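The structure appears below as structure tokens.
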Amino acid sequence: MARPLDCAIIGGGMITHIQVLPSIYQLQREGTVGDISVSALNGAPLKALAGSGFLNESFPGQSFTPWPDFREVDPDEKFPDLYRELLASMKPRQVVAVALPDQLHYGAVKEALAAEQHVMCVKPLVLNYEQAGEIEELACERGLVVGVEY
């Protein structure tokens, strides 16, 4: 059996809480996903995710590595570029879930592709056709998959 893919989730908001992280936890439970990391602008949403009764009751014993680590930083201190460090720390050809506000998808997806990662992005992928074409070209050049969650 192939080794499970590690997964980084970029974005720690509502969609990550109610949809993306539960789905990734389930994939981890089934053996498809290995380690999970979640990056957010600051530690506050990561603390909320880690302490979520819904997630902890539904997925007992499962957890993620927070970027930034909310136990070590001021919860309101902002780390806008920390997700790039997370991407750089990953082995190539893992998977990155982009769950940011729509206008930030393009940059994050491009960064993930540049880091040689497969991408799953919440809808919409990007805000215009030209950006979608550029992402398609970058992914094809590298032999990477880009999918849109819907």
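Nothing here was measured: the structure is a model prediction, and the numbers come from that model.
Closest of all the heavy-atom pairs between Ala50 and Asn56 is O-ND2, 3.1 Å. Residues Thr16 and Gly11 approach most closely at OG1-O, 2.7 Å, considering heavy atoms. Pairing each heavy atom of Gly43 with each of Phe70, the nearest pair is O-CB, 3.4 Å. In terms of heavy-atom proximity, Ala40 sits nearest to Pro68 at O-CD, 3.5 Å. For the pair Pro60 and Arg29, the tightest heavy-atom approach, listed with the atom from each and the gap, is CD-NH2, 4.1 Å. The minimum heavy-atom distance linking Ala8 with Met90 is given by the pair CB-SD, 3.6 Å.
Counting only heavy atoms from C-beta outward, the side chains of Ser52 and His17 approach each other to under 4.5 Å. Side chains of Phe79 and Val73 form a contact here, defined as non-hydrogen atoms less than 4.5 Å apart. Inter-residue side-chain proximity for Arg71 and Pro66 is flagged as met; some heavy-atom pair is nearer than 4.5 Å.
Put simply, CE on Met120 and SG on Cys7 are 7.0 Å apart, with the number rounded to the nearest 0.5 Å. Here Leu55 contributes atom CG and Ser63 contributes atom OG; the two are 11.5 Å apart, rounded to the nearest 0.5 Å. Taking CG from Leu144 and CD1 from Ile135, the interatomic distance works out to 12.5 Å, rounded to the nearest 0.5 Å. Taken to the nearest 0.5 Å, the CG atom of Leu46 stands 5.5 Å off from the CZ atom of Phe64. Put simply, CG on Asp76 and CG on Leu41 are 10.0 Å apart, with the number rounded to the nearest 0.5 Å. Considering CG of Leu100 and CD1 of Ile9, their distance stands at 11.0 Å, rounded to 0.5 Å.
In terms of the side chain to side chain contact (heavy atoms under 4.5 Å, CB included) criterion, residue partners of Val145 (sequence neighbours excluded) are, by chain and number, His118.
Under the 4.5 Å side-chain heavy-atom criterion for grouping Ile, Leu, Val, Met, Phe, Trp and Tyr, Met14 is not connected to Ile10 through any hydrophobic cluster. Tracing side-chain contacts under 4.5 Å through hydrophobic residues (I, L, V, M, F, W, Y), one never reaches Ile15 starting from Leu125; they form parts of separate clusters. There is no path of hydrophobic side-chain contacts, each under 4.5 Å, that joins Val95 to Ile24. One hydrophobic cluster holds both Tyr106 and Leu104 under the rule that ILVMFWY side chains link at heavy-atom gaps under 4.5 Å. Follow the hydrophobic side-chain contacts under 4.5 Å out from Phe54 and you reach Val38 in the same cluster.
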### Task
Decide side chain to side chain contact (heavy atoms under 4.5 Å, CB included) for Val109 and Val126; before the verdict, give the C-alpha distance in whole Å, the side-chain angles of both, and the deciding distance to 0.1 Å.
CA-CA 9 Å; Val109 170; Val126 289; 5.8 Å; no
### Query
Are Leu27 and Leu5 close enough, and set up right, to give a side chain to side chain contact (heavy atoms under 4.5 Å, CB included), and what steps lead you there?
CA-CA 10 Å; Leu27 290 171; Leu5 294 174; over 6 Å; no
### Check against side chain to side chain contact (heavy atoms under 4.5 Å, CB included), Thr65 and Leu86
CA-CA 10 Å; Thr65 301; Leu86 171 56; over 6 Å; no
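Glu149 contributes no side-chain N or O that, together with a main-chain N or O of Cys121, makes up a donor-acceptor pair within less than 3.5 Å. A donor-acceptor pair under 3.5 Å is formed between the side chain of Gln117 and the backbone N or O of Lys91. The backbone N or O of Glu111 sits nowhere less than 3.5 Å from a side-chain atom of Arg84 that would complete a donor-acceptor pair. Distance alone, capped at 3.5 Å, is enough to place a donor-acceptor pair between the Arg93 side chain and the Gly143 backbone. In this structure a side-chain-to-backbone donor-acceptor pair under 3.5 Å is missing from His105 to Val98. In this structure a side-chain-to-backbone donor-acceptor pair under 3.5 Å is missing from Asp35 to Asp6.
Sequence neighbours left out, the pairs with a member in residues 98-110 that pass salt bridge (charged side-chain N to carboxylate O under 4.0 Å, His left out) are Lys110-Glu134. Here ring-ring contact (aromatic ring centres under 6.0 Å, His included) pairs that include residues 24-43, with residues two or more places apart or in two chains, are Tyr25-Phe59.
Within a 6.0 Å sphere centred on CD of Glu136, other residues, nucleotides and ligands contribute 12 heavy atoms or fewer.
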